[in-house]
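In this text the structure is predicted, and so the values were computed from the model without any measurement.
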Amino acid sequence: MDEDRIKRIARAMCRAARLDPDTPAPDPQAPAIMRPQSDSRPPPAWTLFRQQAERFIAANPATASSL
């Protein structure tokens, strides 16, 4: 999948949930599997929506191709 498209859609989903995509994730324990062990900073909030964005792209390829 196109990494930029995943990130764009995940950031849009994050904004739709009324979260700032660039602020740290509200629950730093939730996305712990998405960051290296050496990085103790929480990832940006948009990463909480990454899997949903990937699912959206897989389920709606025609729609996602235009995003």
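W46 is not connected to F56 by any chain of hydrophobic side-chain contacts under 4.5 Å among Ile, Leu, Val, Met, Phe, Trp and Tyr, and they are in different clusters.
Residue pairs meeting the side-chain hydrogen bond (donor to acceptor under 3.5 Å, both in side chains) criterion with at least one member in residues 56-67, sequence neighbours excluded, do not occur. Identified under the side-chain hydrogen bond (donor to acceptor under 3.5 Å, both in side chains) test for residues 12-22, with sequence neighbours left out: R11-D22.
Smallest separation of non-hydrogen atoms from P44 and P21: CB-O, 3.3 Å. Smallest separation of non-hydrogen atoms from A53 and A10: CB-N, 3.7 Å.
Summarising the geometry, atom CG belonging to D2 is positioned 9.0 Å from atom CD1 belonging to I9; distances are rounded to the nearest 0.5 Å.
For the pair E3 and R50, the salt-bridge criterion is met [side-chain N within less than 4.0 Å of a carboxylate O].
Contact of the F49 side chain with the L19 side chain is registered, since non-hydrogen atoms from C-beta on lie closer than 4.5 Å.
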